[in-house]
Amino acid sequence: MQDYLMTLLGGLAITLQLTAFSLLLGVLMAAGMTWVLERRIPVATQLVQLWVLVFTGTPLLIQIFLIYYGPGQFEWLKAGPLWPLLKQPWFCAVLALGFNTAAYSTRLFKGALDAIPAGEVEACRALGFSAGQTLWMKARHAARRLVPAYSNEVILVLKGSSLASTITIMDIMGLAQRLNAQTYDTLAVFTVAGGLYLTMNGLLTIGFRWCENRALAFQS
């Protein structure tokens with residue numbers, strides 16, 4: 001078990017990198033798409049809604065396969081400047097996880113903004129705030145209430161990163177599959193792998209619980 005643990009720890013950095021870069025991409029995209037929905041920009045709003053529908057309505061595994069294997073079916077993509085990136089499993093995994101969490105995060109962000117009491121918005125208008133200033137105020141207040149819900153999304157992305165092993169990435173799950181193929185000690189190998197994910201999720205939960213208590217201290 002100790003040997004298995006040391007081997008699987010070799011994939012810890014890749015798992016954390018996948019999670020971190022995917023979350024960063026997802027947050028940036030979700031912020032932009034939420035802004036589009038909030039401002040109700042014609043056409044762009046419908047495109048964002050379609051994006052959210054597609055990426056929340058299909059399995060993450062299918063999204064990973066389409067993003068990794070799909071571009072290779074088009075010669076014009078293979079001849080383009082992006083092909084050196086699109087043929088990299090790590091880059092495609094980050095894209096798939098990032099696109100997926102962006103769709104779910106957009107729902108979370110928009111819901112948090114919609115939950116802002118109407119009285120606060122009216123107060124901003126009474127004070128002469130512009131539309132941009134009002135949106136910024138709403139975003140600041142929504143961010144505090146968003147912490148509990150977004151913590152669940154972070155954990156889901158971390159667990160979802162294990163699917164990146166299906167496109168040859170040697171993260172924790174990828175190394176676990178290779179170990180299992182070498183030793184056939186399925187119970188022990190995947191118990192150790194599961195324990196690593198459980199430990200990481202537990203630490204994230206504790207960290208977000210601390211952030212939540214600080215962010216929502218104004219309500220107590």
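Computed from heavy atoms alone, side chains included, the values below leave out hydrogens, waters and symmetry copies.
Scored by the ring pair (Phe, Tyr, Trp, His ring centres under 6.0 Å) test, F55 finds W51, F99 as partners (sequence neighbours excluded). Partners of Y69 by ring pair (Phe, Tyr, Trp, His ring centres under 6.0 Å), not counting sequence neighbours, listed by chain and number: F65. Looking at residues two or more places apart in sequence or on another chain, you find a side-chain hydrogen bond (donor to acceptor under 3.5 Å, both in side chains) between T58 and Q63. The ring pair (Phe, Tyr, Trp, His ring centres under 6.0 Å) check on W35 picks up nothing, with sequence neighbours excluded. For the side-chain contact (heavy atoms from CB on, under 4.5 Å) test, residues two or more places apart in sequence or in another chain that qualify with T168 are P89.
Between atom OG1 of residue T199 and atom CG of residue L12 there is a gap of 10.0 Å, rounded to the nearest 0.5 Å. Distance CG/D3 to CG/D185: 11.0 Å, rounded to 0.5 Å. Rounding to the nearest 0.5 Å places CG of L179 at 5.0 Å from OG1 of T7. Going from atom CD1 of I169 over to atom SG of C92 covers 8.5 Å, rounded to the nearest 0.5 Å. Taken from OG1 in T19 to CG in D171, the straight-line distance is 9.0 Å, to the nearest 0.5 Å. A distance of 8.5 Å separates CG in L108 from CG in N152, rounded to the nearest 0.5 Å.
A donor-acceptor pair under 3.5 Å links the side-chain atoms of S161 to the main chain of L158, judged by distance alone. Side-chain N or O atoms of Q46 include one that pairs as donor or acceptor with a backbone N or O of V43 at under 3.5 Å. A donor-acceptor distance shorter than 3.5 angstrom exists from the side chain of S162 to the backbone of K159, with no hydrogens or angles considered. Judged by distance alone, the side chain of T101 and the main-chain N or O of G98 form no donor-acceptor pair under 3.5 Å.
The shortest distance between side-chain heavy atoms of M200 and T15 falls below 4.5 Å. With contacts defined as side-chain heavy-atom distances shorter than 4.5 Å, the pair L60/L97 qualifies. Using a 4.5 Å cut-off on side-chain heavy atoms (C-beta onward), E153 and L156 make contact. For the pair L61 and T166, the minimum side-chain heavy-atom distance is below 4.5 Å. The shortest side-chain heavy-atom distance between I172 and L9 does not fall under the 4.5 Å cut-off.
Applying the 6.0 Å contact sphere to CG of L187 captures no more than 12 heavy atoms from other residues, nucleotides or ligands. Around the CD atom of Q182, the shell of radius 6.0 Å holds more than 12 heavy atoms that belong to other residues, nucleotides or ligands.
For the salt bridge (Lys or Arg N to Asp or Glu O under 4.0 Å) condition, the pairs that include at least one residue of residues 92-111, sequence neighbours left out, are E38-K110, K110-D114.
Here the shortest heavy-atom pairing between F109 and V27 reads CE1-O, 4.2 Å. The nearest pair of heavy atoms linking A93 to L18 is CB-CD2, 3.9 Å. The two residues S22 and V157 make their nearest non-hydrogen contact at CB-CG1, 4.3 Å. Closest approach of S165 and M173 over heavy atoms only: OG-CG, 3.5 Å. The two atoms that bring L66 and P71 nearest to each other are O-CD, 3.5 Å, heavy atoms only. Counting all heavy atoms, side chain and backbone alike, P84 lies closest to P81 at CD-O, 3.3 Å.
Hydrophobic clustering, with ILVMFWY side chains joined whenever heavy atoms are under 4.5 angstrom apart, groups L85 together with L25. One hydrophobic cluster holds both F91 and F74 under the rule that ILVMFWY side chains link at heavy-atom gaps under 4.5 Å. Under a hydrophobic clustering in which Ile, Leu, Val, Met, Phe, Trp and Tyr are joined whenever their side-chain heavy atoms come within less than 4.5 Å, directly or via other members, V189 and L5 fall into the same cluster. A single hydrophobic cluster is not seen to contain both V52 and Y104; linkage of ILVMFWY side chains at heavy-atom distances under 4.5 Å, directly or through other members, places them apart. The cluster map of Ile, Leu, Val, Met, Phe, Trp and Tyr, joined by side-chain heavy atoms under 4.5 Å apart, puts L47 and M33 in different clusters.
Side-chain polar atoms of N180 and T186 form a donor-acceptor pair below 3.5 angstrom.
Under the 30°/60° scheme for interplanar angles, the aromatic rings of Y150 and F208 are found to stand perpendicular.
For the side-chain contact (heavy atoms from CB on, under 4.5 Å) with Q49, the lone residue among L37, V36, V54, T106 that qualifies is L37.
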Do T191 and Y4 pass the side chain to side chain contact (heavy atoms under 4.5 Å, CB included) test, and can you show the C-alpha distance, the side-chain angles, and the key distance before you say yes or no? CA-CA 10 Å; T191 295; Y4 295 160; over 6 Å; no
With side chain to side chain contact (heavy atoms under 4.5 Å, CB included) as the test, would you mind laying out the steps for K87 and Y68 before giving the verdict? CA-CA 7 Å; K87 70 178 182 180; Y68 180 60; over 6 Å; no
